[in-house]
Amino acid sequence: MSRTLCPAWLVAGTDTEIGKTLAACALLHLLRERHARVVGAKPVSAGAGKGGVNEDVARLRAASSLAVPSELDNPYALEQPISPHAAARRYGTRIDLARIADAVRALREQADAVVVEGVGGLLVPLSTQEDGGDLARLLRLPVILVVGLRLGCLNHALLTQEAIAARGLPLAGWIANRIDPSMLAPEDNVELLRARLRAPCLGVIEHMPRPDPAAAARQLLWSQ
């Protein structure tokens, strides 16, 4: 008999270093207000160092209320902070999407809610043939898109929306993150995104010199 799977979401980004982890942790904080067993996962991390724990993974674990084995919340902990396909090759391994799907399913059997953070932008290569979009299509999770507000973000956000739609995935919402405090006219960019992205805006996270998931959560409007 198959177990009931809890709700889960995939947090994707318009690029790397745009605040996916901060947004994912903020979502975990909101979910913990409604569920007892909440867990975040980053199936592929790059930049853990030899025998270390990736900083993003550590933050997700700190924001979770359910502790799980590392093979479930971070199946691929790659040492070097480079493209995952290259990091995996140097590590002497290959990223197996089916293994990730099995880990996410196991999390959904144990938890009340799961937040899965992608790596880099949506289409970052995971091998010479597969990318994050292929993983998203296999997981079949609603996508929450994080848009890092900086010059060029409009094009990146609209292209990512089309990539999500092309894979038949629902865009559940999007979060704007003010990563560049000197960006000109950020409000105009958010206004255009509200008009062009085919999903609700879950909030705008103001610039934070030091990431604070609890403070970020208070800037979001999301009830799940």
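When atom types are taken as modelled, the side chain of Glu79 and the backbone of Tyr91 share no donor-acceptor pair closer than 3.5 angstrom. Side chain of Trp174 to backbone of Val147: no donor-acceptor contact under 3.5 angstrom is found. Under a 3.5 Å cut-off, the side chain of Gln219 and the backbone N or O of Glu206 do form a donor-acceptor pair. Side-chain N or O atoms of Asn54 include one that pairs as donor or acceptor with a backbone N or O of Asp56 at under 3.5 Å. A donor-acceptor pair is defined here as one N or O able to donate and one able to accept, closer than 3.5 Å; such a pair exists between the side chain of Tyr76 and the backbone of Asp96. Checked by atom type and distance alone, the side chain of His207 pairs as donor or acceptor with a backbone atom of Arg178 at under 3.5 Å. In terms of modelled atom types and a separation under 3.5 Å, the side chain of Ser65 and the main chain of Val38 share a donor-acceptor contact. In this structure a side-chain-to-backbone donor-acceptor pair under 3.5 Å is missing from Lys42 to Asp73. Put simply, the side chain of Arg99 gets close to the backbone of Pro75: a donor and an acceptor are under 3.5 Å apart.
Once rounded to the nearest 0.5 Å, the distance linking CE of Met208 with CG of Asn177 reads 8.0 Å. We find the NE2-CG distance between His85 and Asp131 to be 11.5 Å, quoted to the nearest 0.5 Å. In this structure, Leu72 CG and Ile100 CD1 are separated by 12.5 Å, a value rounded to the nearest 0.5 Å. For the atom pair CG of Leu169 and CD of Gln161, the computed distance is 12.5 Å after rounding to the nearest 0.5 Å. To the nearest 0.5 Å, the span separating CG on Leu107 from CG on Leu66 amounts to 8.0 Å. To the nearest 0.5 Å, atoms CG (Leu149) and CG (Asp180) are separated by 9.0 Å.
Take Ala63 and apply the side-chain contact (heavy atoms from CB on, under 4.5 Å) test, not counting sequence neighbours, and it matches Cys25, Leu28, His29. Residues passing the salt bridge (Lys or Arg N to Asp or Glu O under 4.0 Å) test with Arg108, sequence neighbours excluded: none. When the side-chain hydrogen bond (donor to acceptor under 3.5 Å, both in side chains) test is applied to Asp112, the partners found at least two apart in sequence or on another chain are Arg37. For Arg210, there are no side-chain hydrogen bond (donor to acceptor under 3.5 Å, both in side chains) partners two or more places apart in sequence or in a different chain. By the salt bridge (Lys or Arg N to Asp or Glu O under 4.0 Å) test, Glu130 is found to be paired with Arg94, residues two or more places apart in sequence or in another chain being considered.
Salt bridge absent: Arg105 and Asp102 never bring a charged side-chain N and a carboxylate O closer than 4.0 Å.
Taking a 6.0 Å sphere around CG of Leu151, one finds it holds 12 or fewer heavy atoms contributed by other residues, nucleotides or ligands. Taking a 6.0 Å sphere around CZ of Arg196, one finds it holds 12 or fewer heavy atoms contributed by other residues, nucleotides or ligands. The environment of Arg34 atom CZ is dense: over 12 non-hydrogen atoms of other residues, nucleotides or ligands sit within 6.0 angstrom. Summarising the local packing, CD of Glu71 is surrounded by more than 12 heavy atoms from other residues, nucleotides or ligands at distances under 6.0 Å.
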* I would like to know whether Leu97 and Leu126 meet side chain to side chain contact (heavy atoms under 4.5 Å, CB included); could you show each step before the answer? => CA-CA 9 Å; Leu97 302 191; Leu126 300 179; 3.7 Å; yes
* Give the C-alpha distance, both sets of side-chain angles, the deciding distance and a yes or no for side chain to side chain contact (heavy atoms under 4.5 Å, CB included) between Asn189 and Met183. => CA-CA 10 Å; Asn189 284 258; Met183 180 188 186; 3.4 Å; yes
* To do: Could you go through the side chain to side chain contact (heavy atoms under 4.5 Å, CB included) check for Ile175 and Leu27 one step at a time?
  => CA-CA 10 Å; Ile175 296 169; Leu27 294 173; 4.3 Å; yes
* To do: For side chain to side chain contact (heavy atoms under 4.5 Å, CB included), just list the numbers for Leu159 and Glu162, CA-CA rounded to whole Å, side-chain angles, deciding distance to a tenth of an Å, and then say yes or no.
  => CA-CA 5 Å; Leu159 284 174; Glu162 296 310 310; 5.7 Å; no
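Nearest heavy atom pair, residue Thr160 against residue Gly13, reads CG2-O, 4.2 Å. Residues Val190 and Ala176 share a closest heavy-atom pair of CG2-CB, 4.3 Å. In this structure, Leu138 and Ala98 approach most closely via the heavy-atom pair CD2-N, 4.1 Å. Nearest heavy atom pair, residue Arg194 against residue Cys201, reads NH1-CB, 3.5 Å. The two residues Ser70 and Arg61 have their closest heavy-atom pair at CB-NH2, 3.4 Å. Ala172 approaches Ala199 most closely through the heavy-atom pair C-CB, 4.2 Å.
Put simply, the side chain of Arg198 does not reach to within 4.5 Å of the side chain of Leu171, judged on heavy atoms. Residues Cys153 and Thr14 form no side-chain contact, since every pair of their non-hydrogen atoms from C-beta on lies 4.5 Å or further apart. With contacts defined as side-chain heavy-atom distances shorter than 4.5 Å, the pair Ser127/Ile95 does not qualify. For the pair Leu220/Ile205, a side-chain contact is recorded, criterion being any heavy-atom separation below 4.5 Å from C-beta on.
Under a hydrophobic-cluster definition in which Ile, Leu, Val, Met, Phe, Trp and Tyr are linked whenever side-chain heavy atoms come within less than 4.5 Å, directly or via other members, Val11 and Val116 are assigned to different clusters. In the hydrophobic clustering of this structure, Leu158 groups with Leu123; members are Ile, Leu, Val, Met, Phe, Trp, Tyr whose side-chain heavy atoms approach within less than 4.5 Å, directly or through other members.
When each of Val124, Leu135, Leu78 is tested with Val119 by the rule side-chain contact (heavy atoms from CB on, under 4.5 Å), just one qualifies, namely Val124.
Applying the side-chain hydrogen bond (donor to acceptor under 3.5 Å, both in side chains) test to pairs two or more places apart or on separate chains, those with a residue in residues 146-157 are Asp15-Arg150.
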